[in-house]
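Numbers for residues simply follow the sequence, beginning at 1. A quick note: this is a predicted structure, and the numbers were derived from the prediction, not measured.
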Amino acid sequence: MEGMPKFRVAIDVDPRGERWAMLIDQSGMPAFYPNLFITTALRNKGKATATQEQALTAIKALLEFCAAKKIDLVERIRSRTWLTTGELDALGDVISKKRRGVVKSKVVTLKKGYSPPLIRVQKNTQAMYMQRIADYVRWLCEELLGRASNRFTVETTSAIDWLEAAIRARGRSARSRGDGDENLKKTKALRGLTNEQEARLFEVLRPGSPLSPFEDPGVQIRNYLIVKLLRVTGTRGGELLNIRVRDDIDWDAMQVAIVRRADSPQDTRRRQALVKTNQRVLPLTERTLEEIRSYVVEVRKFIPNAARCPYLFVSHKSGPTQGHALSLSSLREIFATIRRAFPELDISAHDLRHRWNESYSIAMRLQEKISYVEAEQLRNLLEGWSSSSTTGQRYNKRYIREASHEAMLAVAEKMERSVDGIRN
């Protein structure tokens with residue numbers, strides 16, 4: 001689509017540390033209505049920067065779709081010429097196509113009639129984008145037509161309601177009808193690591209290992225410690241990158257604090273590492289604390305600019321961000337490097353959070369002092385969820401499925417013994 005206007009989502013940071021997302025057009029100017037929507041409907045209501053960015057990513061796709069189809073959305077709304085069913089279907093199809101992170105092959109086939117396979121986004125991602133677009137289109141209709149004026153007739157209200165519902169329907173139709181585990185043959189349907197994967201992962205990451213895909217010895221120590229802390233604490237990647245050396249680690253009490261610091265002026269990252277759940281304090285073993293101390297004293301101390309950075313994990317790479325807080329994209333790249341070197345380790349940082357929940361369930365199952373209800377309350381506390389949350393069930397699907405299989409086999413074997421007794 002040569003010549004079509006292109007938009008980009010940018011994150012800006014003010015001197016006080018507040019971050020907000022903006023949609024920039026091809027001339028470098030902020031797109032008026034999308035940014036007004038973000039300010040009035042999201043930012044002023046305290047929505048997180050990630051939520052703003054997510055909404056603008058969806059709006060960006062909507063605007064580029066309209067440009068490709070020569071649809072002037074603002075003029076169409078003003079004239080009450082609503083998007084048609086065919087246009088909405090086409091929009092849903094465009095949203096379903098993956099645009100980022102797709103590597104195009106340089107190999108060209110000569111086979112007649114061949115077309116490359118279509119790469120689509122996850123169904124829940126498509127659904128989320130359509131919901132964001134529906135929110136924006138409804139807001140834009142009300143903004144352009146004057147929600148408080150006499151021009152907002154019953155017919156107009158009904159038309160806007162229909163348009164919003166029609167857009168949302170394209171999102172709901174993309175959702176999975178099950179609980180996300182409909183394809184039992186896909187290993188990624190149940191998040192987490194197997195015992196073999198975990199053993200292999202730490203064999204590869206052990207500092208000094210000839211298998212390590214990271215050449216620099218200091219980087220080896222840092223990356224091993226990152227993965228170990230994700231594994232033994234069950235924290236999110238953003239929570240781990242938010243840990244400060246002096247403020248959060250209590251060496252005497254042998255614990256680390258997970259603290260919410262939205263819009264901290266000390267965090268120089270545009271995409272700030274955030275704590276999404278409740279604040280909490282987590283225990284650490286003496287050995288883990290010693291590994292943290294070793295990294296800080298023997299590695300981190302000698303990274304330029306690191307002494308001025310309050311955060312535990314810093315960038316080691318030479319350049320303008322050396323010694324600054326490690327970014328979320330750098331954390332993702334650590335796991336991407338592991339996956340490229342060892343395809344059998346097809347895991348992410350979040351898989352280690354699932355693994356922690358499996359281990360916690362097994363540990364609680366083997367002890368007799370804590371009831372199931374108490375164990376789930378403790379899980380919610382340790383993971384930062386509300387006391388009544390059922391989120392642990394989602395993180396614990398692999399363990400629940402395996403435990404249910406064991407229980408079913410035990411029942412089947414008991415029945416078979418009973419039948420064999422009657423037969424004999």
Side-chain angles (χ1 to χ4, degrees), residues 6-14 17-25 30-67 73 88 91-102 119-141 143 164 167-176 180 191 236-239 241-242 260-263 267 269-277 327-332 348-350 353 384 391 394:
K6 294 293 183 182
F7 300 84
R8 63 183 178 87
V9 179
I11 305 295
D12 201 3
V13 186
D14 71 12
E18 183 183 358
R19 291 157 172 80
W20 66 88
M22 293 187 296
L23 190 65
I24 308 298
D25 64 23
F32 180 74
Y33 285 114
N35 290 306
L36 181 61
F37 167 72
I38 290 298
T39 300
T40 59
L42 297 181
R43 186 181 168 198
N44 287 352
K45 294 182 180 179
K47 297 298 183 181
T49 309
T51 302
Q52 300 172 32
E53 186 179 12
Q54 186 186 81
L56 286 179
T57 301
I59 295 170
K60 172 181 179 291
L62 168 67
L63 297 185
E64 291 177 349
F65 164 80
C66 288
L73 186 60
L88 292 174
L91 173 63
D93 186 59
V94 167
I95 295 299
S96 72
K97 296 176 182 177
K98 192 175 181 72
R99 289 167 291 278
R100 293 191 299 173
V102 178
I119 302 176
R120 295 189 177 275
V121 300
Q122 294 290 328
K123 290 182 178 180
N124 59 343
T125 302
Q126 179 186 352
M128 177 270 295
Y129 281 160
M130 294 305 288
Q131 307 315 307
R132 297 297 188 190
I133 289 173
D135 293 338
Y136 172 68
V137 170
R138 181 174 192 95
W139 173 90
L140 186 61
C141 289
E143 188 69 27
E164 179 189 10
I167 296 173
R168 292 190 188 281
R170 269 70 183 177
R172 285 193 294 272
S173 64
R175 290 184 186 272
S176 168
R191 300 288 297 271
R236 294 175 181 270
E239 294 174 335
L241 298 186
N242 186 58
R260 296 176 68 93
R261 297 190 178 96
D263 296 326
D267 195 331
R269 295 168 288 202
R270 286 191 177 274
R271 286 177 174 78
Q272 188 181 3
L274 294 172
V275 175
K276 294 183 177 181
T277 52
S327 66
L328 288 165
S329 59
S330 296
L331 177 63
R332 289 191 290 269
S348 66
H350 211 63
R353 186 166 166 85
T391 308
R394 186 174 76 243

Point to revise | Inter-residue atom distance Tyr129.OH - Lys60.NZ, 0.5 Å rounding | key: 9.0 Å
**Study point:** Nearest heavy atoms of Gly237 and Leu328, plus distance in Å
**Key:** C-CD2, 4.4 Å
Check your understanding: CG/Leu91 to CD1/Ile167 distance, rounded to the nearest 0.5 angstrom?
Key -> 7.0 Å
Review point. Taking only residues two or more places apart in sequence, or in another chain, which ones meet Lys47 in a side-chain contact (heavy atoms from CB on, under 4.5 Å)?
Key: Leu42, Thr51
Point to revise | Residue list, side-chain contact (heavy atoms from CB on, under 4.5 Å) with Ser330, at least two apart or on another chain | key: Leu326, Ser327
Practice item. Without swapping roles, check the side chain of Arg43 against the backbone of Ile38 for a donor-acceptor pair under 3.5 Å. Key: no
Study note, to complete from the structure: In short, Cys66 meets Leu73 closest at the heavy-atom pair SG-CB, 4.3 Å
Study note, to complete from the structure: By side chain to side chain donor-acceptor pair (under 3.5 Å), Glu164 pairs with (sequence neighbours left out) Arg138, Arg168
**Study point:** By side chain to side chain donor-acceptor pair (under 3.5 Å) - contacts of Gln272 (at least two apart)
**Key:** Arg19
Point to revise | Counterpart residues, side-chain contact (heavy atoms from CB on, under 4.5 Å), relative to Thr40 (two or more places apart) | key: Leu36, Trp139
Point to revise | Inter-residue atom distance Met22.CE - Phe7.CZ, 0.5 Å rounding | key: 14.5 Å
Point to revise | Expected output: side-chain Glu239 to main-chain Arg236 donor-acceptor under 3.5 Å | key: yes
**Study point:** Residues forming a side-chain contact (heavy atoms from CB on, under 4.5 Å) with Ala10, sequence neighbours excluded
**Key:** Arg8, Ile24
Practice item. Tell me, please, which residues at least two apart from Arg261 pass salt bridge (Lys or Arg N to Asp or Glu O under 4.0 Å). Key: Asp248
Practice item. Sequence neighbours left out, what passes side chain to side chain donor-acceptor pair (under 3.5 Å) with Asn242? Give chain and number order. Key: none
Exercise for review: Quick one: list whatever passes salt bridge (Lys or Arg N to Asp or Glu O under 4.0 Å) with Arg270, sequence neighbours left out.
Suggested key: Asp12
Practice item. Answer yes or no: is there an ion pair linking Arg271 with Glu53, defined by an N-O contact shorter than 4.0 Å? Key: yes
Review point. What closest approach, in Å, do Thr49 and Ala21 show between heavy atoms, and which atom pair accounts for it?
Key: CG2-N, 4.2 Å
Exercise for review: To the nearest 0.5 Å, tell me how far Ser348 OG sits from Arg353 CZ.
Suggested key: 12.0 Å
